[in-house]
Amino acid sequence: MDKSFLSLQGKTKIGMKRTKIADILQHSKVNEEILVMGWVRTKRISKNVCFITLNDGSCLANLQIVIDITPEIDELLSHVHSGAALKIFGVTVESPGQGQAVELHAKEITLLGEANPEEYPLQPKKHSLEFLREIAHLRFRTNTFGAIFRIRHAMTYAIHKFFNDKGFYNIHTPIITASDCEGAGEMFRVTTLDLYNLPKTEDGKIDFTQDFFGRETNLTVSGQLEAELAALALSQVYTFGPTFRAENSNTARHLAEFWMIEPEMAFYDINDDMDLAEEMLKYLVKYALDNCREDLEFLHKRREEEQKQKPQNERDEMGLIQRLEFVINNNFERITYTQAIEILMNSKPNKNKQFVYSVDKWGTDLQSEHERYLVEKHFKKPVIITDYPKEIKAFYMKLNDDGKTVRAMDVLFPQIGEIIGGSQREENYDKLIGRMKEVGIHEKDMWWYLETRKFGSVPHSGFGLGFERLMLFITGMSNIRDVIPFPRTPKNAEF
RNA sequence: UCCUCCUUAGCUCAGUUGGUUAGAGCACCUGACUGUUAAUCAGGGGGUCCUAGGUUCAAGUCCUAGAGGGGGAGCCA
């Protein structure tokens, strides 16, 4: 017999199914026979009774297990520590203690997996997020990361539901690509060539014709161009997949590998595009509030504690939940780049030279501090800025009649800055060729993209939403490494 | 990549002007306790003071270089 198996009264029914803790806490009445499995958070033991809080990830809350101590059970319990996995058969009883309505009176306990307390790093106390990042394989077992990754799942589902309900089709765009069309940043090379013995051409360059694809290939930086191809037949499509940037960005808002949602819609102009972006963001925030209440309230309290550590002037004006509700209940402010520059030039911090980069002329890109001023100080709500100078935007964006600006739109959120970047696309073949020449993109590399402008070209628009940026906003976390299970950043690909 | 701060027990941190054997709380182990909620109380074990070099009679503490991490910036989503 399994040594770790110990029966108090031996009543497990053969074939009995496990009940999730979320279901027990929500639906169970007293005096029900139940089988649970999960991981020990804490154990408190005295002479005659032992309390174990058990968590199985189905919800934030733990189930309290109550065990009457006998000599045999005492021996088993000496092997039970934080992190151990248990299977428990018992009967639900009304809890005489504080903190929970029902608890499980154990009849039979099986130790599924021990956790050596000398080595197990998680304790029933606050750990720093930096420390937990170093044990990303175990941080799922904390309240904070349990909540975050349950919400992350809910947001993934809500995104697919939102688009599905609107008649969009999900398109899987390639992860390995030969084009660097967007110029969105440094790319990761994909190759099967022997790096210690590279084949060379006669003029001494690397001979990529011998590589796996017979040409240079990279990991994608965006699925947008491929999504456009699909949109010009299926009308409304979206991608939701991983994207990669080899930029040496060391910030709390950048990852080398992140997930992006890129809807692309035929017959949409820039205003339709903005309407969709705003509708989607509000839908997702509302979905989180409606479906992730317990986890959000935990993160709300967590953030409140965090804010107390900060000096008064750096604290948030709103709590996490208030901020989410505020986004749902207020329309986003829509202004042009030109209006934004005017507001900034006349702003107090600009006149008092409080900006690191002062705003003195039309045409320069907005810095983080300027975006934050507009969103957090001037309008105090999400802002959409449109019609940027063409020089600071990508080649595929539709040129306005003024010849100077393009129909781009950026959605700016408090705390995190740019959460969405999008545009109406240039559907005119000649204008698109002209812009490509200006920025130095070769026609022959983009022949397939250009053909859509030759065969039944229509006005169309789209945008990109950084999934982890959305997660930052929803969870109130401040570092992007804490809203993706296994972050990829410069010098870090552990796990 | 730039600026800036940090690195002391498993974790969170203290460590005075450079001066004897480097401390606390939590965790762990032992004991006490009939209901705990990060239980409580008493006792115990636990250290490459990030690494390398230097200054000094003496370095956790000062200097130089490197590694790792945080915050901010750039680039962007």
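Computed from a predicted model, the values in this text were never measured in an experiment. Sequence lines set the chain letters: A, B, ... in the order given, protein chains first and strands last, and positions in each chain run from 1. As a basis for the values below, the full set of heavy atoms in this structure was taken, side chains included, without hydrogen atoms, waters or symmetry mates.
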Subject >> Salt bridge present between Glu278(A) and Lys282(A) (N-O < 4.0 angstrom) >> reply: yes
Original post:
Would you find more than 12 non-hydrogen atoms of other residues, nucleotides or ligands less than 6.0 Å from Lys286(A) atom NZ?
Top reply: no
Original post:
P atom, rA67(B) versus rC26(B): distance in rounded Å?
Top reply: 38 Å
**OP:** Would you please confirm or rule out a distance under 4.0 Å between OP1 or OP2 of rC75(B) and any side-chain N or O of Arg253(A)?
**Re:** no
**OP:** Determine the interatomic distance between C1' on rC3(B) and the same-named atom on rU20(B); round to the nearest Å.
**Re:** 42 Å
Original post:
If we take the P atom in both rA58(B) and rC11(B), what is their distance in whole Å?
Top reply: 32 Å
Subject >> Length of the CG-P vector between Asn248(A) and rC76(B), whole Å >> reply: 15 Å
Original post:
Which whole number of Å gives the distance between the C1' atom of rC13(B) and that of rU17(B)?
Top reply: 23 Å
Original post:
Should stems be defined as at least three consecutive Watson-Crick or G-U pairs with both distances under 3.5 angstrom, which of them involve RNA chain B?
Top reply: B:1-7 with B:67-73, B:10-13 with B:23-26, B:28-32 with B:40-44, B:50-54 with B:62-66
Subject >> Atom CZ of Phe131(A) with >12 non-hydrogen neighbours under 6.0 angstrom >> reply: yes
**OP:** Using the P atoms only, state how far rC6(B) lies from rU16(B), rounded to an integer number of Å.
**Re:** 14 Å
Subject >> Rounded distance (Å) that lies between atom C1' of rC13(B) and atom CD of Glu130(A) >> reply: 14 Å
Subject >> Sugar-phosphate only, base, or nothing, as touched by Phe131(A) at under 4.0 Å among non-hydrogen atoms >> reply: sugar-phosphate
**OP:** Kindly write out the residues that satisfy salt bridge (charged side-chain N to carboxylate O under 4.0 Å, His left out) with Glu333(A), not counting sequence neighbours, or none if the list is empty.
**Re:** Lys381(A)
**OP:** Strictly below 4.0 Å, heavy-atom distances to any atom of RNA chain B: list the hits from residues 487-495 of chain A, or just say none.
**Re:** Lys491(A)
Original post:
Starting at CZ of Phe258(A) and ending at P of rC75(B), how long is that distance when rounded to a whole Å?
Top reply: 16 Å
**OP:** May I ask you to verify if any side-chain N or O of Gln367(A) is less than 4.0 angstrom from the OP1 or OP2 atom of rG74(B)?
**Re:** yes
Subject >> Most 5' of Ala256(A) and Asn250(A) on RNA chain B, judged by nearest nucleotide >> reply: Asn250(A)
**OP:** Mind checking side chain to side chain contact (heavy atoms under 4.5 Å, CB included) for Lys161(A) and listing every partner two or more places apart, or none if nothing turns up?
**Re:** Tyr157(A), Asp165(A), Tyr283(A)
Original post:
Any side-chain N or O of Ser249(A) less than 4.0 Å from the OP1 or OP2 oxygen of rG74(B)?
Top reply: no
Original post:
Sequence neighbours excluded, which residues qualify as side chain to side chain contact (heavy atoms under 4.5 Å, CB included) partners of Asn479(A)?
Top reply: Arg133(A), Ala252(A), Arg481(A), Asp482(A)
**OP:** Give Phe244(A) one of three labels, base, sugar-phosphate or nothing, depending on what nucleic acid heavy atoms sit under 4.0 Å from its own.
**Re:** nothing
Original post:
Starting at the 5' end of RNA chain B and moving along, which residue's nearest nucleotide shows up first, Arg481(A) or Asp365(A)?
Top reply: Arg481(A)
**OP:** Could you state the atom-to-atom distance from CE of Met260(A) to P of rC76(B) in whole Å?
**Re:** 13 Å
Original post:
Quick one: ring-ring contact (aromatic ring centres under 6.0 Å, His included) partners of Tyr337(A), sequence neighbours excluded?
Top reply: Trp362(A), Tyr388(A)
Subject >> Any N/O donor-acceptor pair, Glu119(A) side-chain to rG10(B) base, under 3.5 Å >> reply: no
**OP:** Could you give the distance separating rU4(B) and rC41(B) at their C1' atoms, to the nearest angstrom?
**Re:** 46 Å
Original post:
Taking atom P of rG71(B) as reference, at what distance in whole Å does atom CD of Glu306(A) sit?
Top reply: 10 Å
Subject >> Residue pair Phe463(A), Tyr238(A): steps toward the ring-ring contact (aromatic ring centres under 6.0 Å, His included) verdict >> reply: CA-CA 10 Å; Phe463(A) 61 81; Tyr238(A) 70 104; over 10 Å; no
Subject >> Partners meeting salt bridge (charged side-chain N to carboxylate O under 4.0 Å, His left out) with Lys351(A) (sequence neighbours left out) >> reply: none
Subject >> Single hit among Glu228(A), Gln224(A), Gln424(A) for side chain to side chain donor-acceptor pair (under 3.5 Å) with Tyr396(A) >> reply: Gln224(A)
**OP:** Sticking with atom P, work out how far rA14(B) lies from rC28(B), rounded to a whole angstrom.
**Re:** 24 Å
**OP:** May I ask you to say what Leu255(A) touches in the nucleic acid, namely base, sugar-phosphate or nothing, with a heavy-atom cut-off under 4.0 Å?
**Re:** base
Original post:
For the pair made of CG in Leu129(A) and C1' in rC11(B), what is the distance, rounded to whole Å?
Top reply: 14 Å
**OP:** List for me each residue that meets side-chain hydrogen bond (donor to acceptor under 3.5 Å, both in side chains) alongside Lys393(A), sequence neighbours excluded, and say none if there are none.
**Re:** Asp410(A)
Original post:
Looking at Asn479(A), does any N or O in its side chain come under 4.0 Å of the phosphate oxygens OP1/OP2 on rG71(B)?
Top reply: yes
Original post:
CD of Glu369(A) versus C1' of rC3(B): gap in Å, rounded?
Top reply: 15 Å
**OP:** Go through the structure and list residues passing salt bridge (charged side-chain N to carboxylate O under 4.0 Å, His left out) with Arg44(A), not counting sequence neighbours.
**Re:** none
Original post:
Is any N or O donor-acceptor pair between the side chain of His254(A) and the base of rC76(B) shorter than 3.5 Å?
Top reply: yes
Original post:
Which letter, B, S or -, goes with each nucleotide of nucleotides 29-42 of chain B from 5' to 3', with contact meaning a protein heavy atom under 4.0 Å?
Top reply: S---BBBBBBS---
**OP:** Assess whether atom NZ of Lys43(A) is packed by more than 12 heavy atoms of other residues, nucleotides or ligands within 6.0 Å.
**Re:** yes
Subject >> Backbone N/O of Leu399(A) and side chain of Glu426(A): donor-acceptor pair under 3.5 Å >> reply: yes
Subject >> Distance between P atoms of rG25(B) and rG43(B) (Å, rounded) >> reply: 10 Å
**OP:** Measure the distance from CG on Leu122(A) to P on rU12(B) and round it to the nearest whole Å.
**Re:** 12 Å
Subject >> Selection: residues 132-144 of chain A, any non-hydrogen atom under 4.0 Å of RNA chain B >> reply: Arg133(A)
Subject >> Those residues that, when tested against Glu94(A), pass side chain to side chain contact (heavy atoms under 4.5 Å, CB included) (two or more places apart) >> reply: Val30(A)
Original post:
Out of Asn143(A), Asp56(A), Asn55(A), Thr53(A), which residue meets the side chain to side chain donor-acceptor pair (under 3.5 Å) rule with Asn62(A)?
Top reply: Asn55(A)
